[in-house]
Amino acid sequence: MAINNLTHVILTGGVGSRLWPLSRKTLPKQYLELFDGESLFEKTVNRNQVISNKIIVVGNIENYKMSNAIMSKFNKSFTHIIEAVPRNTAAAIAFAAFASKPEDILLITPSDHVIEGNDIYGAALEQAIILANQDYLVTFGIKPTKPETGYGYIEFEHENVIAFHEKPDFETATAYLQNGNYFWNSGLFCFKAGKFLEELEKQEPEVYWASKAVWERNQDGFLNYELSLNIPSISIDYAVMERSKDIKVVPGHFEWSDLGSFESVYDYLVQKGHPIDENRNIAIGTSLHTTFIGVKNCILIYTADALMVLQKENSQEVKQVYQHLESIASPLL
């Protein structure tokens, strides 16, 4: 059942650089219809429709038309905030908070995550909303399934955060997994709009006031480029969540993936019945007959203008390829 004062805020920034060449600046991963014929953005809207009638989409000038095309499928009114230049998540969420009433509860979700297990997810949201109504800033921790080095971790006891930890090395991640009270930092949040702005002003006044100035000059949701450059580019984790005293964590036991690497895309597609050979190799993006000989756990990614072959375990290194292409201003981005 939808909650009247709950607004679903969808963050659509990001280019998914670790999923190049599938994910491009002109078609980032959240818009790729790779996942059961739906985009991750569409799945995100669908998943949260039950609990919220109000939607705010925060995107950028490069992707807002793609967001509009997906939102048109739902025939629902929504507020669209279009950033002239990306200034990270603290500012993006501040814009959504400025567009809301102080007592409105904001459920912040990225647009490019996969979540399975609706009942468990729904129960976690209900718990978060109770805490948000008590003026806490709530983050969601995800129970880890493996020693993942690509995520930050939340150390906690019950609903209390002990510490936030940066992406660990493999040995540390293994220790976190064995310990049991270190969960992945999911990038999902829940809090009152006014409470978030109050904490942002306290912890990062420069971000608060610069974002406020930009919001007050918005024109039908479009934000001013020159003013936006004054906003420090800081994540919500660094700006607020790691520094506020009013933080709670809801441990999530639902299946979650940010599909941030080809390793996680591989795992997701194989779980959904994607063709795989006897040596656990897969091809993505082509119906051409593909044969792998003498290799295991490899992924072939095929697009019209680029091919990439990688060992599944080396998926995090794709970002280096992207950064190299960026440094030479390649048209392949």
* Would you give the length of the straight line joining atom CG of Leu310 to atom CD1 of Ile299, rounded to the nearest 0.5 angstrom? => 4.5 Å
* **Within the 6.0 Å centroid threshold, strictly below: Tyr153 and Tyr176** => yes
* Asked: Would you say the side chains of Glu317 and Asn314 form a donor-acceptor pair under 3.5 Å?
  -> yes
* Asked: CD of Glu166: more than 12 outside heavy atoms within 6.0 angstrom?
  -> no
* To do: Spell out, as yes or no, whether a donor-acceptor pair under 3.5 Å connects the side chain of Asn279 to the backbone of Asn281.
  => no
* So, do Lys319 and Trp20 sit near enough that their side-chain heavy atoms are less than 4.5 Å apart? -> no
* With sequence neighbours excluded, tell me which residues meet salt bridge (charged side-chain N to carboxylate O under 4.0 Å, His left out) with Lys54. => Asp104
* Asked: When you check the gap from the basic side-chain N to the acidic O, do Arg243 and Glu199 get nearer than 4.0 Å?
  -> no
* **Candidates Ser39, Ser67, Ser23 - the one meeting side-chain hydrogen bond (donor to acceptor under 3.5 Å, both in side chains) with Tyr31** => Ser67
Show me the donor-acceptor pairs, under 3.5 Å and distance only, between side chains in residues 322-333 and residues at least two apart or in other chains.
from: Ser327; atom 1: OG; to: His324; atom 2: O; distance (Å): 2.6
from: Ser330; atom 1: OG; to: Leu332; atom 2: N; distance (Å): 3.0

* To do: For the pair Glu116 and Lys272, find out whether any cationic side-chain nitrogen is under 4.0 Å from an anionic carboxylate oxygen.
  => yes
* Please collect all side-chain hydrogen bond (donor to acceptor under 3.5 Å, both in side chains) contacts where either partner lies in residues 223-238, sequence neighbours excluded, each pair once. => Asn185-Asp237
* Asked: Within a strict 4.5 Å, meaning less than it, do heavy atoms of the Lys312 and Asp267 side chains meet?
  -> yes
* Asked: Hey, is Lys29 close enough to Asp258 for a salt bridge, meaning N to O under 4.0 Å?
  -> no
Atom pairs and distances, donor-acceptor, side-chain atoms in residues 123-135, under 3.5 Å, two or more places apart:
from: Gln127; atom 1: NE2; to: Glu159; atom 2: OE2; distance (Å): 2.9
from: Asn133; atom 1: ND2; to: Ile129; atom 2: O; distance (Å): 3.3
from: Asp135; atom 1: OD1; to: Lys192; atom 2: NZ; distance (Å): 3.2

* With sequence neighbours excluded, residues passing salt bridge (charged side-chain N to carboxylate O under 4.0 Å, His left out) with Glu38 -> Lys43
* **Thr12 side-chain N/O to Ile10 backbone N/O, donor-acceptor pair under 3.5 Å** => no
* How would you list all residue pairs meeting side-chain hydrogen bond (donor to acceptor under 3.5 Å, both in side chains) that involve residues 298-309, not counting sequence neighbours? -> Arg24-Thr303, Arg24-Asp305, Thr303-Asp305
* Would you list the pairs meeting side-chain hydrogen bond (donor to acceptor under 3.5 Å, both in side chains) in which at least one residue belongs to residues 205-218, sequence neighbours left out? => Lys212-Glu216
* For the pair Arg18 (side chain) and Gly260 (backbone), establish whether a donor and an acceptor sit closer than 3.5 Å, ignoring hydrogens and angles. => yes
* Distance from Met308 atom CE to Ile284 atom CD1, nearest 0.5 Å? -> 9.0 Å
* Would you mind reporting whether Leu32 and Leu27 have side-chain heavy atoms less than 4.5 Å apart? => yes
* How would you list all residue pairs meeting ring pair (Phe, Tyr, Trp, His ring centres under 6.0 Å) that involve residues 239-285, not counting sequence neighbours? -> Phe35-Tyr268, His113-Trp256, Tyr121-Phe254, Tyr151-Trp256, Phe183-His253
Please list every donor-acceptor pair under 3.5 Å in which a side-chain atom of residues 73-80 meets a protein atom from a residue at least two apart or in another chain.
from: Lys73; atom 1: NZ; to: Glu42; atom 2: OE1; distance (Å): 2.9
from: His80; atom 1: ND1; to: Asn68; atom 2: OD1; distance (Å): 2.9

* To do: With sequence neighbours left out, write down each residue that passes salt bridge (charged side-chain N to carboxylate O under 4.0 Å, His left out) with Lys248, or none if nothing qualifies.
  => none
* To do: Sequence neighbours left out, what passes ring-ring contact (aromatic ring centres under 6.0 Å, His included) with Phe140? Give chain and number order.
  => none
* Counterpart residues, ring-ring contact (aromatic ring centres under 6.0 Å, His included), relative to Phe189 (two or more places apart) -> none
